[in-house]
Amino acid sequence: MAISVAGGVRPGKVIEIEHRLYQQLIVGKQKSGSMYDELDAELEADASKLAIEREAILERLAKQIQAKQVFEEVSTQLINTVNNAIGHQLASPDSILTYSGINENQLLILELLQRKNLDLNRLSPLITEQAWLARDLLNIVNSPSFRHRRPQRSDVKVTDIKLVLNFIGVENLKLLVPYFCLRNWLPSGHANLLWTTRKLWRYSVVSAIAAQALAKLHDMDGSFVYTCTLLSQMGASVVLKNSAKLFEEIWGEWLREASDSRDKELYDAVVATEFPAQKVYQLVLQHGSALNWQLLYQLNFEDSAMATVLAELDNNLSYKELSDGAAMVARANCFAKIVLLEEMRQITPQEKRIMFDYYELSEQEIIRLKGQNYRKLDII
């Protein structure tokens, strides 16, 4: 007789499947397929060049016993230095925030967007202050696909942020702004994390689409659940971003010193040392979920409804204890994990059923979710 796992304390099998997804995102060697919104496209050539160079060095080292010994000693010392630096930083919330790119006004924007009577006059200076966010919204309004929506003089480029916000409209802003926020918080600009970033971004967007679909099915506030779902990947993004930045700083410093020393064996050993993906994967599991709400607390948003949902998702031991909003985020993330693991051929039909049972996804919800287009987030 099958034993139901629905909603209680999270079974070990569910935890193993969920960890498997993050392992594939961070440690797995699969490359993400083409995306509707490519991140760091210019880094692809650099990432490929670095991988080829490392492979060539490792192949040569395998034939040279002494050089291989130098590589193992140098690489171990370098990785230990990086791991210690990452661990030290993760122990300091202030240091995490410094590298994260997250600030109080960004969270205030997300908070204001949840209010029923949204004041665009209050919102516009906050958005203007975030240059990347203002740029992304300006690009939307000035894009050829959007210009036909604008009233007269549609060929004129819009530069006034207040006009941009009015053109986009409140409902679309509630979806666009969290989308651009998470994208900005991802570890972009790091060749060592190019494919990890793309895979994490795809997972985040699939979760957000699933959250929208579930909210619509149940007549719930779609923008709030959608925002919380995107924020549920904030902690993982921050751990990855901080780790990549520290690795590249230390790796670059060692590489310069090795170059100055004119020691080719030492130089090759540093070049061939890879980003410590396995260690960082463990740190994501250890810190990611807690950072989702701890960062909001650190920026004085502990009373925010968003922080409440994120804290629930981290602290509650069983699905049945979650509020309606948190439960919907959990179900959206569950479905996204299954979608990506299926694409990677890393989940069995029996494991899918265990996940559906635990998170109590109904047949109606599964049918609705399977009917979504997970290749494009339909905002405007």
Side-chain angles (χ1 to χ4, degrees), residues 19 22-29 40 43 46-47 50-51 53-55 57-58 61 67-103 185-197 199-200 233-261 263-299 314:
H19 287 185
Y22 279 104
Q23 186 172 44
Q24 292 302 317
L25 295 182
I26 299 168
V27 184
K29 296 298 183 182
D40 296 326
L43 278 181
D46 290 342
L50 186 58
E53 188 175 5
R54 280 176 174 153
E55 285 175 15
I57 290 172
L58 289 171
L61 291 178
K68 186 178 180 183
Q69 192 173 5
V70 171
F71 163 70
E72 289 174 350
E73 290 174 358
V74 171
S75 183
T76 299
Q77 189 178 351
L78 173 54
I79 291 301
N80 286 340
T81 303
V82 171
N83 289 342
N84 289 336
I86 294 170
H88 180 72
Q89 190 180 88
L90 288 174
S92 168
D94 288 340
S95 296
I96 295 172
L97 280 173
T98 300
Y99 278 92
S100 71
I102 301 169
N103 62 47
W185 298 334
L186 285 168
S188 59
H190 303 287
N192 290 289
L193 281 181
L194 174 68
W195 297 109
T196 293
T197 298
K199 287 185 284 186
L200 181 60
Q233 300 311 316
M234 177 175 61
S237 299
V238 168
V239 173
L240 286 165
K241 190 173 193 174
N242 286 21
S243 300
K245 193 164 184 65
L246 282 170
F247 173 78
E248 289 177 8
E249 285 178 359
I250 296 169
W251 183 81
E253 184 181 328
W254 281 45
L255 201 61
R256 284 189 295 274
E257 291 178 1
S259 179
D260 291 343
S261 73
D263 185 332
K264 180 147 181 27
E265 284 187 354
L266 178 62
Y267 183 85
D268 284 351
V270 176
V271 171
T273 300
E274 291 188 276
F275 178 75
Q278 183 64 36
K279 173 66 175 179
V280 172
Y281 155 67
Q282 295 293 340
L283 291 172
V284 167
L285 297 184
Q286 184 181 347
H287 298 282
S289 184
L291 282 173
N292 289 332
W293 59 271
Q294 288 173 353
L295 290 172
L296 269 66
Y297 277 42
Q298 186 72 11
L299 290 167
D314 179 47

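Because the structure is predicted, anything quoted here is derived from the model rather than measured.
- Panel note: side chain T196, backbone L193; no donor-acceptor pair is recorded below 3.5 Å.
- The distance from the CD atom of E265 to the CD atom of E73 is 10.5 Å, given to the nearest 0.5 Å.
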For this session: Could you walk me through whether W185 and M234 pass side chain to side chain contact (heavy atoms under 4.5 Å, CB included), step by step?
Result: CA-CA 7 Å; W185 298 334; M234 177 175 61; 3.7 Å; yes

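- For the pair Y281 and L25, the minimum side-chain heavy-atom distance is 4.5 Å or more.
- A distance of 11.0 Å separates NZ of K245 from OG1 of T98, quoted to the nearest 0.5 Å.
- Of all non-hydrogen atoms in S237 and Q233, the two that sit nearest each other are OG-O, 2.9 Å.
- Counting heavy atoms from C-beta on, the side chains of S261 and Y267 never come closer than 4.5 Å.
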Exercise. Do L240 and T197 pass the side chain to side chain contact (heavy atoms under 4.5 Å, CB included) test, and can you show the C-alpha distance, the side-chain angles, and the key distance before you say yes or no?
Worked result: CA-CA 9 Å; L240 286 165; T197 298; over 6 Å; no

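- The shortest distance between side-chain heavy atoms of K29 and W195 does not fall below 4.5 Å.
- Residues passing the side chain to side chain donor-acceptor pair (under 3.5 Å) test with S95 are S92, sequence neighbours excluded.
- Between W251 and F247, the angle of the ring planes stays under 30°, which puts this pair in the parallel group of the 30/60° scheme.
- In this structure, the side chains of L246 and Q89 come closer than 4.5 Å at one or more pairs of heavy atoms.
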Exercise. Going through the checks in order, is the side chain to side chain contact (heavy atoms under 4.5 Å, CB included) test met by L295 and I96?
Worked result: CA-CA 9 Å; L295 290 172; I96 295 172; 3.9 Å; yes

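- Q294 CD to H287 NE2: the interatomic distance, rounded to the nearest 0.5 Å, is 9.0 Å.
- D263 contributes no side-chain N or O that, together with a main-chain N or O of A258, makes up a donor-acceptor pair within less than 3.5 Å.
- A side-chain donor from one of Q298 and D94 sits under 3.5 Å from a side-chain acceptor of the other.
- When the shell of 6.0 Å around NE2 of H88 is examined, it contains 12 or fewer heavy atoms from other residues, nucleotides or ligands.
- In this structure, T76 contributes its side chain and E72 its backbone to a donor-acceptor pair below 3.5 Å.
- Remark: N83 CG to Q278 CD distance equals 11.0 Å, nearest 0.5 Å.
- Residues K264 and D268 meet the side-chain proximity criterion, which asks for heavy atoms closer than 4.5 Å.
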For this session: Step by step, work out the side chain to side chain contact (heavy atoms under 4.5 Å, CB included) result for Y22 and V27.
Result: CA-CA 8 Å; Y22 279 104; V27 184; over 6 Å; no

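- At least one side-chain heavy atom of T273 sits less than 4.5 Å from a side-chain heavy atom of F71.
- Partner of V238 under the side chain to side chain contact (heavy atoms under 4.5 Å, CB included) criterion, chosen from I102, V284, L186: I102.
- With rounding to the nearest 0.5 Å, the separation of CD1 in I250 from CG in L255 is 13.5 Å.
- Rounding to the nearest 0.5 angstrom, the gap separating the CG atom in L90 from the CG atom in L291 is 7.0 Å.
- Considering only heavy atoms from C-beta on, D314 stays 4.5 Å or farther from N292 through its side chain.
- Closest of all the heavy-atom pairs between A191 and E248 is N-OE2, 3.8 Å.
- Using a distance-only test at 3.5 Å, with no hydrogens or angles considered, no donor-acceptor pair links the side chain of S259 to the main chain of R256.
- The two residues V280 and F275 have their closest heavy-atom pair at CG2-CZ, 3.6 Å.
- At least one donor-acceptor pair under 3.5 Å links the side chain of K199 to the backbone N or O of G28.
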